Amino acid sequence: MSGNMNLTLKVWRQKNDKTRGKFITYQANGISPDMSFLEMLDVVNEGLVRKGEDPIHFDHDCREGICGMCSLHINGRPHGPKQGTTTCQLHMRSFHDGQTIVIEPWRAAAFPVIKDLAVDRTAFDRIQQAGGYVNVNTGGVPDANGIPIPKVVADEAFESATCIGCGACVAACKNASAMLFVSAKISQYALLPQGQTERYSRAQAMVAQMDTEGFGSCTNTGACEAECPVGIKLTNIARMNREYLTAKLFKEEEAH
Amino acid sequence: MLDSKVPAGPLAEKWSKHKFNLKLVNPANKRKYTIIVVGTGLAGSSAAASLAELGYNVKAFCYQDSPRRAHSIAAQGGINAAKNYQNDGDSVFRLFYDTIKGGDYRAREANVHRLAEVSVNIIDQCVAQGVPFAREYGGLLDNRSFGGAQVSRTFYARGQTGQQLLLGAYSALNRQINNGKVKMYNRHEMLDLVTIDGHARGIITRNMVTGAIESHEGHAVLLCTGGYGNVFFLSTNAMGCNVTAAWRAHKRGAFFGNPCYTQIHPTCIPVTGDHQSKLTLMSESLRNDGRVWVPKTVELAQKLRKGELKISDIKEADRDYYLERKYPSFGNLVPRDVASRNAKEVVDEGRGVGASGIAVFLDFEDAIKRLGEDAVRAKYGNLFDMYYQITDENPYKQPMRIYPAVHYTMGGLWVDYNLMTTVPGLYALGECNFSDHGANRLGASALMQGLADGYFVIPYTVGDYLAGLGFDPVDKNHPNFEKTRKQVEDNVHKLLSLKGSKTVDDIHKKLGHIMWEYCGMARNEAGLIKAKGLIQALKKEFWSDVTVLGENEEMNQSLEKAGRVADFLELGELMVDDALNRRESCGGHFREESQTDEGEAKRDDENFRYVAAWEYQGEDQPETLHKEALEFENVKLTQRSYK
Amino acid sequence: MSKSKHLLSSSLGKKLIMSLTGLFLCTFLIVHLIGNLQLFYHDQGKAFNDYAYFMTHFTPIKAVSYLLYASIIIHAIYALILTIHNRKSRPVRYAMTNGAANSAWNSRNMGILGTVLLVFIVTHMSNFWWKYHNDDVPYIEYRTDLSTQETTATELTADGFSEYTKYTDNGVEITKARDLYRQVQFAFKNWGLVALYVISMAALSFHLIHGFKSAFQTLGFDHKRYAPLIRFVGIWFFGIAIPIGFAAMPIYFYFFS
């Protein structure tokens, strides 16, 4: 087919978290610009399997940019060269024939490599478990229209809530900081009336867990915001700082 | 005949009465029970959280790296609820009625009514959790309309409703993990069900990082493992979605209900080539403002495909807005099965568009003229962006190209009114069961069902079963655990010993083609018989000529895929059997032999007003058909009409 | 939700310290610049030398100056602690990174810019502060005729000077002071030192363009209307005006004095 590309891939291969990894070079030939990046890897993997070689392992699931499972640091950038896109939604038309593509896993102490390009992101889950919820049981809640929420507030909470938990913010940050991820959740609840009763406990608990996981600290470079596939804003980090400092300095009695 | 355990009495009182009649477990005794929940989508997360809140010990499993990634997250459009906030005539009974009718009268009345009843609680629950639904300027919740309904009852969070609802359920789950009531197992895949004396007592899982094959015991097992659309290889499901858990349970005695009922979603982005790994859905809500059309004549369509004509060259008079033409009262908002079949029809006539000719237009030109580009962007911005990213075409400037794709499976494990399968102690929730959508699911109803089952049904019904068990812990040392574990291990090693010339994907793609061709949007006897033979041959090919690399004791995606495809091959054959058996058209199941003069699906209520529940009989043995008669006491069976 | 750390041991607490010390140093820059603008007076350094005496002998100012020294040290130490921690957060580096695609150069290199500034501060203080405090500068006597406001200056020897004094005798105001102005003139005839100053002020510019707004972000200040104002002040006042003001001094003395 015309317009197809031949590419050179330098892919990080690592058997597990106990062994050292290295880059291996592969050729990806006859790649259609309409393929997604992961479909390109599928093609490479099919070739590897036919040769009896272990395929390249990478995390992926929904392939429509919403589940947050796919990752990949492509040519020095999380989720590759296009902004506002996950790797699964990155299409090969963003590359050109003859290009060399370097593919690495997310790198952070808190995200150990499981195999090849797949990393363990359960640190994110543990942060959410520390306080990313409203303490309500099923049943016995007020009518959904019982508390009106101004549209602008609901919309802003929604913007924060759209985080897909992929970890690109950590991957992009030169300090491997998870502030954007954590602040998005804290913001969602800080904005909504439902989150008010526990807002100060939540900020403290989630930040403490974030620190325990070994993420770096924020130096406000803005790389996270620039690389976030769903456009989570730095405003969230400011809001988290505000919530946390308020909690620590003035609202210690409201924390549990 | 199967006993659905639907309680007697008037429809609207069945659930209340039943809840009262169900046995309870004393709060202090709940901690003596362990419940296994497999899958953490809307049904699984909500069930695990709700049961843990009640005091049960819960072990939850998911194959993804985090429970938040279950494929419920990808649902776009919304969730139905009979709140009647819009004062437009909605009610529990209307939601019930629309769902029964939308399902082409192949769902159980009592289940559907219960679903409509609890729908209102779901919205309350989600809002209390901090789910940021769309709101109006006055601060109250906004609604939109969806296919198959003439009221606005769909609650939504831009085009990411499933994501927001799942993150809500995930937050409730996290709270219980933090409280120590839920033990979460990420990256674990259920590979078998352990039964003792016919009761479900545990599962066997494979740790997808270390390969460890482990037994887990529990007093009840809840399968919340979603649908099996990936049997078609190309579908809107996530890559990892699979039937394995449900299929292994089926082989352990759980009947499979209506496996042939597949929903083909009308608004997906068309296939571009052989490399394609999945299809992307564009929310049905787009049909609120988008108009579906193709050129009136084959000649015009051909010129368009060849690039001799531009889209703008096709005059208004030469455009066939076929849904508006054929179904004036519902127009572009006809149910999914009708919209899909009509798209196939115009494409088969040669009037399809796009380079492949396998697509129709979904045009927003009028909506942009009427509402302005900004208003359209506010409503559908993320969908338009997604379309642009995938196709490199700007839908604000030219119509989208869409084509139907496999999206949802109405069939699933047969369950009674309590959501229990035919294996006592084994439950199936959400898309994994067959129960509420009949032969066709209405838009925005899947989220409703998943959460209804998890938040508001299972917490009541599971207690009834447990209350009859006594308080003894499950015997971990029962020989069945080791026996089943050994079988799983043997099966894994059998797969790893396959060193043929085909990849697992080769076989999966072939299976997908067979299913799409013969058991897809339109089915006929000859085709189905042919498909059955092809699948049987393919199964042989799989077990003789596929290659599975690596070893068990590591992350091994080849092995994972191989196990899933092996199960899809068996399921595929059952789907074909079921489609062959059902010699009527209903909802998503369109048998060409059974259509009205106008080409619409024609039911045969006299002979097929039943649920087909299939019982596994052993390797390569024909399955036994059991029937559950469907009684309709509250709605009149009519030929569905959306004209 | 109860596992919370002590404020200052948390990552956000450490950032808070960076932010507060940084902003305090910013306020000092304003005062320092305004004071030093007296170097441009054509009064043979009288105003400047008076000012130098005032700044080193007025008790409240002295107290603030100790706070200032502490701030510099704390700011540097915490920067070091955070940098080490941040490095540990990514033990395996990327083979390829494209930071320019997602962030500004200065925001990624605050540590390097800060190190340049620290070297500068040490040089600067040993040249002026240390010498001034250790009696290693020349002395000067100003005689101002109060009726004509005419001032004459005479260099003093070490013997003729014991302490800063100011008195009026027969309508003439006599001031004896340490001549820091002269020390400035002298020091800025060294092109190497001038170059260091100019480079350091460039580093200051980049450091503050990021640092000023970053400090507010860390404090949690973000507002639709006022945040742009902070960005404006950070860039145009702290990032451009102040460093230019400081850099103008060595350049002026090198070329014009």
Side-chain angles (χ1 to χ4, degrees), chain A residues 10 12 21 23 73 75-77 81 83 102 104 107-110 113 130-131 135 171-172 174-177 179 198 201-202 204-212 214-227 234-235 237-249 255-256, chain C residues 1-16 18-20 78-79 81-111 114 210-224 227 230:
Chain A
K10 288 190 169 156
W12 183 261
F23 283 99
H73 204 257
N75 277 351
R77 294 181 67 185
Q83 289 204 321
V102 179
E104 298 177 76
R107 299 219 184 266
V113 170
N135 262 299
K174 75 183 191 66
N175 310 322
S177 166
M179 295 274 278
E198 300 165 275
S201 309
R202 180 178 303 113
Q204 296 198 22
M206 292 182 76
V207 169
Q209 188 62 37
M210 172 182 85
D211 286 351
T212 308
F215 290 104
S217 55
C218 176
T219 46
N220 304 325
T221 65
C224 51
E225 179 188 62
E227 298 293 6
L234 281 183
T235 312
I237 297 185
R239 189 179 289 109
M240 172 169 83
N241 291 338
R242 193 157 70 234
E243 293 292 306
Y244 181 77
L245 295 176
T246 310
K248 279 290 180 197
L249 297 171
H256 58 80
Chain C
M1 284 195 197
S2 59
K3 292 168 276 174
S4 61
K5 281 197 197 172
H6 192 267
L7 172 63
L8 295 186
S9 60
S10 72
S11 61
L12 266 62
K14 294 192 188 97
K15 291 288 302 164
L16 175 68
M18 291 299 288
S19 159
L20 292 177
Y78 268 82
I81 294 173
L82 284 165
T83 304
I84 291 169
H85 172 71
N86 290 343
R87 291 237 142 203
K88 277 192 197 153
S89 302
R90 178 165 292 139
V92 183
R93 320 296 294 177
Y94 288 110
M96 185 173 177
T97 48
N98 184 358
N102 55 38
S103 52
W105 178 87
N106 58 332
S107 74
R108 298 194 306 278
N109 292 285
M110 290 295 276
H210 177 69
F212 187 73
K213 71 169 177 352
S214 174
F216 281 89
Q217 167 85 357
T218 300
L219 288 174
F221 185 87
D222 184 61
H223 189 279
K224 276 194 183 114
I230 285 173

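The figures that follow rest on heavy atoms only: side chains count, while hydrogens, waters and symmetry mates do not. Lettering of chains follows the sequences in order, A, B, ..., and the numbering in each one begins at 1. Keep in mind the model is a prediction, meaning the values are calculated, not measured.
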- So, the side chain of C:Arg108 versus the backbone of A:Lys174: is there a donor-acceptor pair under 3.5 Å, distance only? no
- Task: Taking C:Tyr94 for its side chain and A:Ala171 for its backbone only, find out whether a donor-acceptor pair lies under 3.5 Å.
- Result: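 It does hold such a pair.
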Who wins among [options] for the most heavy-atom pairs under 4.5 Å with chain A?
options: C:Leu12, C:Leu219, C:Asp222; value: C:Leu12
options: C:Arg87, C:Arg90, C:His85; value: C:Arg90
options: C:Ala227, C:Ala95, C:Pro91; value: C:Ala95

- Message: What part of A:Gln83 gets within 4.5 angstrom of chain C, counting heavy atoms only: side chain, backbone, both, or neither?
- Response: side chain
- Please look at A:Leu234 and chain C and tell me whether the side chain, the backbone, both or neither of the residue comes under 4.5 angstrom of a heavy atom of that chain. both
- Item | Contact winner vs chain C - A:Thr246, A:Val102, A:Ile237, A:Thr219, heavy-atom pairs under 4.5 Å |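 Going by pairs under 4.5 Å, I would pick A:Thr219.
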- Quick one: of A:Gly21, A:Ala172, A:Cys218, A:Pro81, who has the most non-hydrogen atom pairs under 4.5 Å with chain C?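 Looking at each option in turn, the highest pair count goes to A:Cys218.
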Given side chains that start at C-beta, do those of [X] and [Y] come closer than 4.5 Å, heavy atoms only?
X: C:Thr218; Y: C:Leu20; answer: no
X: A:Arg107; Y: A:Trp12; answer: yes
X: A:Thr221; Y: C:Met110; answer: no

- For A:Asp211 and C:Ser11, what are the C-alpha separation, side-chain angles and deciding distance, and is it a side chain to side chain donor-acceptor pair (under 3.5 Å)? CA-CA 7 Å; A:Asp211 286 351; C:Ser11 61; 2.7 Å; yes
- Message: Which atoms of C:Lys213 are under 4.5 Å from chain A, going by heavy atoms: the side chain, the backbone, both sets, or neither?
- Response: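 Neither part, no heavy atoms under 4.5 Å.
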